[in-house]
Amino acid sequence: AIQDVGGDENQDDKKLPECSYWKLLFNHADGTDKCLFIVGYVACVISGIALPSMSLLFGNLSSGITGGDTSQVKEQAYIMLYLGCGVFVFCYLYITYLTLMADRLTLKLKVKYLRAILNQECSWFDQVNTNEMSSRLSKEAGSVNRALGEKMGVIVWSFSMSISGFCFAIYRGWLLGLILLGALPV
């Protein structure tokens, strides 16, 4: 509620209600935002999976170099080149789409906040410090923007990279992969 936004001195003592990521995303997002969300996270997962596969390909490349098979080295080098280009494209897509989605949602939240302020009675503005309200709006909107776009994208990217890395490790050497799996924090 907008009454909790006030500018009184003991505001640090009050705990504002928290809003989950999914509630914020799906209550305020339209079809375009959801499409940007889906494409951004799919590109994020693909780029996260592609990076550990570079290690697998580099292992094949180094074994080809030590074996003296130049045709295998050339083939692995081209595959790594194409995979690197793909990682660049998918990283660009996920950063662009998630940032665009976050900017759009932040703008919608700012508009809703302003509408809620303008619907208040005149006496409410006597109790609230308007300078503090505008600085708080920009600070909180920036936090929401970073959380929706940059931070969640990095979390999904890192998670997909970790899971695919363990899958590749178990595929390549199942015994060592299982030993490393035991070293994971619970």
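- At a threshold of 4.5 Å between non-hydrogen side-chain atoms, the residues L51 and V87 count as touching.
- Between the side chain of S164 and the backbone N or O of M161, at least one donor-acceptor pair lies under 3.5 Å.
- Under the side-chain contact (heavy atoms from CB on, under 4.5 Å) criterion, L100 pairs with L36, R104, not counting sequence neighbours.
- When all heavy atoms of S47 and C44 are compared, the closest pair comes out as OG-O, 3.0 Å.
- A heavy-atom distance below 4.5 Å is not found between the side chains of L148 and L98.
- Proximity of W157 to Y94: side-chain heavy atoms (C-beta onward) are separated by under 4.5 Å at one or more points.
- Placement of V111 and I117 in two distinct hydrophobic clusters is found when ILVMFWY residues are connected by side-chain heavy-atom separations under 4.5 Å, directly or transitively.
- Residues V39 and L93 have side chains not in contact (no heavy-atom distance under 4.5 Å, counting atoms from C-beta outward).
- Between S55 and F168, the closest side-chain pair of non-hydrogen atoms is not below 4.5 Å.
- Under the salt bridge (Lys or Arg N to Asp or Glu O under 4.0 Å) criterion, no residue pair touches residues 144-156, with sequence neighbours excluded.
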| task | Assess whether side chain to side chain contact (heavy atoms under 4.5 Å, CB included) is satisfied between H28 and K112, documenting all intermediate values. | result | CA-CA 10 Å; H28 301 289; K112 286 184 181 186; 2.9 Å; yes
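- Applying the salt bridge (Lys or Arg N to Asp or Glu O under 4.0 Å) criterion to K110, with sequence neighbours excluded, gives no partner residue.
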| request: Starting from the C-alpha separation in whole Å, work towards a yes-or-no answer on side chain to side chain contact (heavy atoms under 4.5 Å, CB included) for Y82 and I79. | output: CA-CA 5 Å; Y82 297 142; I79 291 173; 5.5 Å; no
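- Nearest heavy-atom pair, F90 versus A43, reported as atom, atom and distance to 0.1 Å: O-CB, 3.6 Å.
- Between I46 and I49 there is no side-chain heavy-atom pair separated by less than 4.5 Å.
- In plain terms, the two heavy atoms of G48 and S160 that are nearest each other are CA-OG, 3.4 Å.
- When atom types are taken as modelled, the side chain of S158 and the backbone of I155 share no donor-acceptor pair closer than 3.5 angstrom.
- Crowding of F125 atom CZ: a count of heavy atoms from other residues, nucleotides or ligands under 6.0 Å exceeding 12.
- Residue L61 holds its CG atom at 13.5 Å from NZ of K74, rounded to the nearest 0.5 Å.
- Put simply, L175 and L180 are part of the same group of oily side chains (I, L, V, M, F, W, Y) that touch within less than 4.5 Å, one to the next.
- Expressed to the nearest 0.5 Å, how far CG of L137 lies from CD of E132 amounts to 12.0 Å.
- The structure places CG of L81 at 12.0 Å from CG of L57, a figure rounded to the nearest 0.5 Å.
- Taking CG of N129 as the start and CZ of R136 as the end, the distance is 12.0 Å to the nearest 0.5 Å.
- The aromatic rings of Y41 and F37 stand perpendicular to each other, their planes meeting at an angle above 60°, with 30° marking the opposite boundary.
- Counting heavy atoms from C-beta on, the side chains of K108 and D30 come closer than 4.5 Å.
- With a 6.0 Å radius and a threshold of 12 heavy atoms from other residues, nucleotides or ligands, Y97 has its OH atom at or below the threshold.
- In terms of hydrophobic clustering, with Ile, Leu, Val, Met, Phe, Trp and Tyr side chains grouped at heavy-atom distances under 4.5 Å, I65 and M80 are assigned to a common cluster.
- A 4.5 Å side-chain heavy-atom check between Y113 and E140 finds every atom pair outside the cut-off.
- Here the closest heavy-atom approach between residue L83 and residue A50 is recorded as CD2-O, 3.7 Å.
- With N145 contributing its side chain and A141 its backbone, the two residues share no donor-acceptor pair below 3.5 Å.
- In the hydrophobic cluster analysis, where Ile, Leu, Val, Met, Phe, Trp and Tyr join through side-chain heavy atoms closer than 4.5 angstrom, M54 is grouped together with V73.
- A continuous path of Ile, Leu, Val, Met, Phe, Trp and Tyr side chains, each step under 4.5 Å between heavy atoms, connects I95 with I38, placing both in one hydrophobic cluster.
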